[in-house]
Amino acid sequence: MASTVWRGQLTFGLVSFPVRLLIAARKKRVALHYLRQPVVPVSADEPDDEPVEVADETRVEQSSRVMPEAPVARVRQEWMSASEGEAVAPQELVKGYEVSPDRYVTFNREELRAMRPANSPDMQILRSVRLADIDPVYFETSYYVIPDRSADRPYSLLFAALQRSGYVAIAKVTMHGREHVVVVRPGEKSLLAHTIYYNDEIRADNEFKGVVGDVAPKELKLAESFVEAIAGEFAPEEFKDTHRELLEQMIASKLERDAVSESAPVVAGKPPSPVVNILEALQRSLDLARKPAKAEAPKKKAQRRRA
């Protein structure tokens with residue numbers, strides 16, 4: 001079962017219900033580890049092999065050859081001081097921001113831990129917007145929003161309201177030690193949440209500005225015809241990561257004489273808080289939203305009387 005990355009209350013107005021976030025998409029790669037395999041000199045009677053290219057882009061000399069039968073061992077990376085060339089213990093590590101060449105503002109673990117915000121127990125919906133108004137460049141990570149215990153009814157209510165209105169919700173939540181702006185939208189079957197980048201994280205200066213005025217009318221017409229000719233429905237299952245599939249096939253062929261083992265982590269969570277009465281909470285939310293408008297009416301009447 002997929003692990004829960006965040007658990008808390010999804011709140012819109014005065015309605016609040018427990019939910020969990022499950023990762024909806026993640027880059028899929030074949031994890032390869034660095035290994036050490038002894039090399040032995042090639043016999044003088046044997047012809048020289050081509051240089052062998054390895055992961056760190058160095059090459060083994062033609063006078064040596066990697067023996068496939070030789071046992072391998074995992075290797076590890078160590079922190080090394082750039083000036084002294086000595087190994088650095090983990091407790092000696094600090095983080096720093098370079099303000100000028102060779103000058104840093106440093107932070108120890110305690111300082112960074114004190115600034116790290118705690119996970120918030122609530123995902124508060126702030127407003128609703130049209131999905132078409134959000135540039136896809138802002139989208140970061142996608143999650144499935146899953147109702148927690150006894151939350152099916154309010155969950156379905158929010159799902160149906162967003163689906164029928166055509167809006168998506170903008171919310172804020174703190175998880176993984178960072179505050180996130182989240183887009184909550186209805187999918188085909190359930191709610192999805194997408195964390196988005198902050199505006200100052202978008203590198204707008206890198207965007208190239210196309211000059212439409214330089215396009216010839218004939219060329220534009222042909223280009224439009226080509227776009228229409230290849231038009232079709234979006235079918236993500238048609239696209240495959242051919243490099244990863246080829247690597248997986250090679251691994252499968254080697255597994256005929258090797259064995260592997262794996263384990264999966266277990267994530268525990270705390271029980272959610274009870275759900276409030278939905279109808280009553282919605283009515284109170286509407287009343288609170290309308291109060292400012294009603295409060296302004298007597299002021300306007302008084303102004304008219306004075307006039």
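Only a predicted model underlies this, so the values are computations on that prediction, with no experimental measurement involved.
Comment: K240 does not engage E248 in a salt bridge, judged by the lack of any side-chain N to carboxylate O separation of less than 4.0 angstrom.
Shortest non-hydrogen contact noted between W6 and T174 is NE1-O, 3.7 Å. Here the shortest heavy-atom pairing between E78 and A87 reads OE1-CB, 4.1 Å. The two residues Q163 and G187 come nearest to each other via the heavy atoms NE2-O, 4.0 Å. Between Y155 and I146, the shortest heavy-atom contact is CE1-C, 4.3 Å. A pairwise comparison of heavy atoms in E98 and D102 identifies OE2-N, 3.4 Å as the closest pair. The minimum heavy-atom distance between T106 and E111, with the atom names listed, is O-OE1, 3.9 Å.
A distance of 12.5 Å separates OH in Y143 from CG in L192, rounded to the nearest 0.5 Å. Separating the CD1 atom in I196 from the OG1 atom in T141 is a distance of 11.5 Å, to the nearest 0.5 Å. How far OH of Y198 is from CD of E140: 10.0 Å, rounded to the nearest 0.5 Å. Atom CG of residue L191 and atom OG of residue S156 lie 8.5 Å apart, to the nearest 0.5 angstrom. Separation of atoms CG (L220) and CD (E224) is listed at 4.0 Å; rounding is to 0.5 Å. Separating the OG atom in S128 from the CZ atom in R185 is a distance of 16.0 Å, to the nearest 0.5 Å.
Using a 4.5 Å cut-off on side-chain heavy atoms (C-beta onward), L246 and Q249 make contact. Residues Y197 and R203 are not in side-chain contact: their nearest non-hydrogen atoms beyond the backbone lie 4.5 Å or more apart. Side-chain contact between L21 and V145: present, with at least one pair of heavy atoms (C-beta onward) separated by less than 4.5 Å. The closest side-chain heavy-atom distance from Y104 to V99 is not below 4.5 Å. Residues I134 and V168 meet the side-chain proximity criterion, which asks for heavy atoms closer than 4.5 Å. With contacts defined as side-chain heavy-atom distances shorter than 4.5 Å, the pair D148/V19 does not qualify. Put simply, the side chain of F12 does not reach to within 4.5 Å of the side chain of P154, judged on heavy atoms. Two residues are said to be in side-chain contact when any heavy atoms from C-beta on lie closer than 4.5 Å; D152 and F17 fail this criterion.
Linking ILVMFWY residues whenever their side-chain heavy atoms come closer than 4.5 Å, directly or via other members, places I23 and V182 in the same cluster. V181 and Y138 end up in the same hydrophobic cluster when Ile, Leu, Val, Met, Phe, Trp and Tyr side chains are linked at under 4.5 Å.
If you run side-chain contact (heavy atoms from CB on, under 4.5 Å) between H180 and each of M175, K172, M123, only M175 comes through.
Counting heavy-atom neighbours within 6.0 Å of R153 CZ, excluding the residue itself, gives a total of 12 or less. Within 6.0 Å of CD on E237 lie more than 12 heavy atoms contributed by other residues, nucleotides or ligands. Residue-environment remark: CZ (R127) stays at or below the threshold of 12 foreign heavy atoms within 6.0 Å. The 12-atom threshold is exceeded at CD of Q91, counting heavy atoms of other residues, nucleotides or ligands nearer than 6.0 Å.
Remark: side-chain polar atoms of D122 are not paired, donor with acceptor, to backbone N or O of Q124 under 3.5 angstrom.
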Worksheet entry | Residues V94, F107; criterion side-chain contact (heavy atoms from CB on, under 4.5 Å); working and verdict | CA-CA 6 Å; V94 296; F107 302 91; over 6 Å; no

Worksheet item: Is there a side-chain contact (heavy atoms from CB on, under 4.5 Å) between L158 and I125 once you walk through the steps?
Response: CA-CA 11 Å; L158 178 59; I125 290 179; 4.0 Å; yes

